Amino acid sequence: MPNDALQLMKQIPLFRQLGEGELNLVWAMGQELGLPAGYSLETPADQPPVLWILLEGRADATFPTVEDGHTTIYAPEVWGASTLVPPFRSPGLAVTATPCRVLRIYAREVRMLAEQSPRLGVRLYEELATRFAGRFRGLLERPLSERMAPPAS
């Protein structure tokens with residue numbers, strides 16, 4: 001793994017508890033790619049789900065089931081963390097807004113690594129649970145009228 005990639009991955013909350021050896025294992029499963037602006041990070045339904053690690057650049061994400069469901073993802077960050085849990089698909093769509101340097105990893109391989117290395121798995125899934133709990137709390141803190149409103153067309 002390039003040294004700069006190791007430093008970038010250490011900054012990503014999903015990987016912050018992992019040691020250098022564990023980060024190298026994660027890196028070895030992936031393929032580093034350079035993507036142009038406008039590249040969809042969506043995984044087609046007939047393809048295995050992908051975890052995208054943005055090392056450089058930014059992507060714009062939309063979530064069709066959430067009002068004003070737009071966000072920008074700045075590197076270093078992960079897109080597709082929800083592919084690590086059932087139903088193993090992302091609820092949104094991300095498109096690179098700038099040229100990006102990414103690491104593409106098939107989510108199934110990360111799940112298998114977590115099973116084979118329980119220490120790594122516990123650390124990864126604890127962070128994932130914390131991330132999802134924070135999002136859920138944010139939804140609950142919204143007024144009921146906003147939560148019940150139909151999505152904007």
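Keep in mind that this is a model prediction, so the values were computed, not measured.
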> Looking at Gly19 and Arg123, what are the two nearest heavy atoms and their distance?
Replying inline: N-NH1, 4.0 Å
>> Just verifying a value: how many Å separate Glu20 CD and Leu25 CG, rounded to the nearest 0.5 Å?
In response: 11.5 Å
>> Quick check: is Trp27 connected to Leu84 through a chain of hydrophobic side chains (ILVMFWY, heavy atoms under 4.5 Å apart)?
In response: yes
> Leu55 versus Pro76: any side-chain heavy-atom pair under 4.5 Å?
Replying inline: no
Can I get a per-line list of side-chain donor-acceptor pairs under 3.5 Å for residues 96-111, giving both atom names and the distance, sequence neighbours left out?
residue, atom, partner, partner atom, Å
Thr96, OG1, Pro36, O, 2.6
Thr96, OG1, Gly38, N, 3.0
Thr96, OG1, Tyr39, N, 2.9
Thr98, OG1, Arg58, N, 3.0
Arg101, NE, Glu32, OE2, 2.5
Arg101, NH1, Asp4, OD2, 2.6
Arg101, NH1, Glu56, OE2, 3.0
Arg101, NH2, Asp4, OD1, 3.3
Arg101, NH2, Asp4, OD2, 3.3
Arg101, NH2, Glu32, OE2, 3.4
Arg104, NH2, Gln31, OE1, 2.4
Arg111, NH1, Thr83, O, 2.8

> What is the minimum heavy-atom distance between Ala61 and Trp79, and which atoms define it?
Replying inline: CB-CZ3, 3.7 Å
> Is the shortest heavy-atom distance from the side chain of Glu77 to the side chain of Pro13 under 4.5 Å?
Replying inline: yes
> What is the distance from atom CD1 of Ile73 to atom CG of Asp60, rounded to the nearest 0.5 Å?
Replying inline: 8.0 Å
>> Looking at every non-hydrogen atom in both residues, tell me the closest pair between Ser40 and Leu93 and how far apart they are.
In response: OG-CD1, 3.4 Å
>> Pair Phe15, Lys10 - check side chain to side chain contact (heavy atoms under 4.5 Å, CB included), show working.
In response: CA-CA 6 Å; Phe15 302 123; Lys10 285 180 178 181; over 6 Å; no
> Does the Trp52 side chain pair with the main chain of Gly80, one donor and one acceptor, at a distance under 3.5 Å?
Replying inline: no
> Among Val26, Thr130, Ile53, Val78, whose side chain to side chain contact (heavy atoms under 4.5 Å, CB included) with Leu14 holds?
Replying inline: Val78
> Does Leu18 reach the side chain of Leu120, with side-chain heavy atoms less than 4.5 Å apart?
Replying inline: yes
> Is the shortest heavy-atom distance from the side chain of Leu54 to the side chain of Tyr74 under 4.5 Å?
Replying inline: no
Could you pull out all donor-acceptor pairs under 3.5 Å where a side-chain atom in residues 112-119 meets a protein atom, sequence neighbours excluded?
residue, atom, partner, partner atom, Å
Arg119, NH1, Glu22, OE1, 3.4
Arg119, NH1, Glu22, OE2, 2.7

>> Less than 4.5 Å apart, side chain to side chain, heavy atoms only: is that true for Leu6 and Leu8?
In response: no
> How long is the gap from CG on Leu23 to CD on Gln17, to the nearest 0.5 Å?
Replying inline: 11.5 Å
>> For the OG atom of Ser82 and the CZ atom of Phe132, what is their distance to the nearest 0.5 Å?
In response: 5.5 Å
